[in-house]
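Take a look at the structure below.
Scope of the values below: all heavy atoms of this structure, side chains included, with no hydrogens, waters or symmetry mates. Model, not experiment: these values are computed from the prediction.
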Amino acid sequence: VLGDDAAILGNDFHNLVKGSKRATRASLLHYFVRRKRIRPIQRGLYAVVPPGRDPNHFTPNRYLVASALRADTVLCYHTALEVLGQAHNTATTLYGFTAEAPCNAAWLHYHFRLFRYPRGLGQAVDRDTGLVDREIENTDVRVTGPERLLADCLNRPEYAGGVEEAVVSLRGFPLFDFGILETYLHRLGLGRVFAAVGAFLEQDNQRLFVPDELLRRLERRCPKSKTYLERSQRGGVLLKRWNLIVPRAFLRQENPLEI
């Protein structure tokens with residue numbers, strides 16, 4: 001019934017034995033828990049212990065746990081940077097988006113936070129823009145791709161490890177699909193994020209081959225008044241073209257923008 005791979009089961013367990021009576025499913029679940037083939041994580045969520053692994057020393061993959069908290073979970077922010085191999089640090093808080101109920105949970109020394117999708121992503125087709133699949137221990141998980149990470153991490157750098165961690169990690173991506181990026185920015189509809197992405201791309205325009213026309217389009221969507229990159233920010237450097245006040249950690253020292 002369980003197979004040989006490590007997996008995280010929620011309603012999937014009941015799907016494996018559907019057709020059985022509810023009492024039978026509950027009995028099977030208790031049987032596997034007693035035999036230590038299944039390790040409870042939280043109510044309704046279980047980790048399968050692969051054959052041959054010591055159940056007393058088996059720890060389920062934290063990304064699989066986060067992904068299984070909701071049926072539609074998409075890993076995002078710093079967690080997606082980690083899964084895509086771009087994060088410079090490993091965090092103990094894992095983030096995801098869901099169209100279901102938000103989640104704030106703890107397990108071992110990890111903290112899981114699932115947010116509702118940002119405004120502008122009300123339709124499923126909008127929510128799917130810029131997502132990518134990655135395989136972890138023979139299980140596919142969905143994560144926000146580079147273009148969405150660029151916008152999301154600059155929108156909420158506090159969920160990406162802070163401004164310095166966010167920009168250093170984002171600079172690790174060798175390229176961005178500018179079509180996906182613009183589509184996502186328009187769905188978010190936030191002038192501050194248009195400005196932040198424009199300022200980021202302007203610093204790396206030679207490496208990323210950023211079209212001048214793209215930068216002009218982003219500039220036209222900038223805030224009309226001076227705006228801080230971070231909501232709690234005080235002080236910083238004003239980037240005149242973008243009407244954006246940023247911490248110095250945002251700037252490439254070898255390629256400063258006009259201040």
Side-chain angles (χ1 to χ4, degrees), residues 70 72-81 83-84 86-87 94-103 113-133 142-163 165-167 169-171 173 175-205 208 210-211 213-233 236 239 241-247 250:
R70 297 288 184 269
D72 66 341
T73 300
V74 173
L75 302 182
C76 60
Y77 297 123
H78 198 273
T79 309
L81 290 171
V83 172
L84 295 180
Q86 297 300 330
L94 289 86
Y95 300 102
F97 287 130
T98 179
E100 300 179 19
C103 175
R113 296 191 64 183
L114 300 188
F115 305 102
R116 288 195 182 277
Y117 285 97
R119 291 182 181 181
L121 302 181
Q123 302 298 319
V125 65
D126 298 328
R127 296 194 291 267
D128 286 344
T129 300
L131 301 184
V132 297
D133 293 321
R142 303 207 83 187
V143 304
T144 50
E147 297 77 23
R148 284 194 45 172
L149 280 167
L150 178 56
D152 289 340
C153 292
L154 295 182
N155 181 27
R156 301 300 301 265
E158 67 270 30
Y159 299 144
V163 171
E165 169 74 4
V167 296
S169 299
L170 291 167
R171 285 174 187 147
F173 288 113
L175 54 86
F176 296 98
D177 184 314
F178 298 130
I180 292 175
L181 177 60
E182 265 197 286
T183 297
Y184 185 65
L185 286 171
H186 280 281
R187 284 173 178 161
L188 286 180
L190 300 173
R192 177 176 55 85
V193 183
F194 274 99
V197 169
F200 179 93
L201 294 178
E202 186 182 23
Q203 293 184 88
D204 269 358
N205 61 347
L208 296 172
V210 182
E213 181 54 35
L214 171 61
L215 293 177
R216 287 192 288 270
R217 288 197 300 271
L218 298 178
E219 184 180 4
R220 287 195 288 270
R221 296 298 300 267
C222 284
K224 302 303 180 186
S225 58
K226 298 170 186 173
T227 302
Y228 285 101
L229 173 65
E230 294 184 280
R231 302 177 187 197
S232 61
Q233 180 185 331
L239 306 180
R241 178 179 184 178
W242 305 103
N243 240 350
L244 189 68
I245 303 171
V246 301
F250 180 86

Measure across [X] and [Y] and return the closest heavy-atom pair with its distance rounded to 0.1 Å.
X      : Y      : answer
Gly130 : Ile180 : CA-CG2, 3.8 Å
Phe176 : Pro146 : CE2-O, 3.4 Å
Leu188 : Pro118 : CD2-CB, 3.7 Å
Ala80  : Val143 : CB-CB, 4.2 Å
Ala101 : Arg116 : CA-NH2, 4.0 Å
Ala87  : Ser169 : CA-OG, 3.6 Å

Distance, nearest 0.5 Å, that separates [atom1] of [X] from [atom2] of [Y]:
X      : Y      : atom1 : atom2 : result
Ile245 : Leu229 : CD1   : CG    : 10.5 Å
Tyr95  : Arg156 : OH    : CZ    : 10.0 Å
Leu239 : Lys226 : CG    : NZ    : 12.0 Å
Tyr77  : Glu158 : OH    : CD    : 7.5 Å
Thr79  : Leu94  : OG1   : CG    : 4.0 Å
Tyr159 : Arg113 : OH    : CZ    : 4.5 Å

The criterion is salt bridge (charged side-chain N to carboxylate O under 4.0 Å, His left out); which residues satisfy it with [X], sequence neighbours excluded?
X      : answer
Glu100 : none
Asp128 : Arg142
Arg220 : Glu213

Check: Between Thr98 and Cys103, does a side chain to side chain contact (heavy atoms under 4.5 Å, CB included) hold up when you go through it step by step?
Finding: CA-CA 9 Å; Thr98 179; Cys103 175; over 6 Å; no
Sub-4.5 Å side-chain heavy-atom contact between [X] and [Y]:
X      : Y      : result
Arg241 : Leu215 : yes
Asn205 : Leu201 : no
Thr183 : Arg187 : yes
Cys222 : Leu244 : no

Check: Can Arg171 and Phe200 be said to form a side chain to side chain contact (heavy atoms under 4.5 Å, CB included), step by step?
Finding: CA-CA 9 Å; Arg171 285 174 187 147; Phe200 179 93; 3.8 Å; yes
Next item on the list: Just jot down the ring-ring contact (aromatic ring centres under 6.0 Å, His included) partners of Tyr117, sequence neighbours excluded, or say none.
Entry: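 Once residues adjacent in sequence are excluded, the partners of Tyr117 under the ring-ring contact (aromatic ring centres under 6.0 Å, His included) criterion are Phe97.
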Next item on the list: Kindly determine whether Val210 and Asp204 satisfy side chain to side chain contact (heavy atoms under 4.5 Å, CB included), including the steps that lead there.
Entry: CA-CA 8 Å; Val210 182; Asp204 269 358; 5.9 Å; no
Next item on the list: Could you name each residue pair satisfying side chain to side chain donor-acceptor pair (under 3.5 Å) that touches residues 143-153, not counting sequence neighbours?
Entry: Asp152-Tyr184
Is it true that a side-chain atom of [X] and a backbone atom of [Y] form a donor plus acceptor pair closer than 3.5 Å?
X      : Y      : result
Glu182 : Arg217 : no
Arg221 : Gly191 : no
Ser232 : Glu230 : no
Arg70  : Pro102 : yes

Notebook entry, point to check: Of all residues at least two apart in sequence or in a different chain, which pass the side chain to side chain contact (heavy atoms under 4.5 Å, CB included) check with Asn155?
Noted result: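 Partners of Asn155 under the side chain to side chain contact (heavy atoms under 4.5 Å, CB included) test: Leu190, Arg192, Val193, Arg231.
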Next item on the list: Please lay out, stage by stage, how Phe173 and Leu84 fare under the test side chain to side chain contact (heavy atoms under 4.5 Å, CB included).
Entry: CA-CA 10 Å; Phe173 288 113; Leu84 295 180; 4.1 Å; yes
Check: Is it the case that more than 12 heavy atoms not belonging to Arg119 sit under 6.0 Å from its CZ atom?
Finding: no
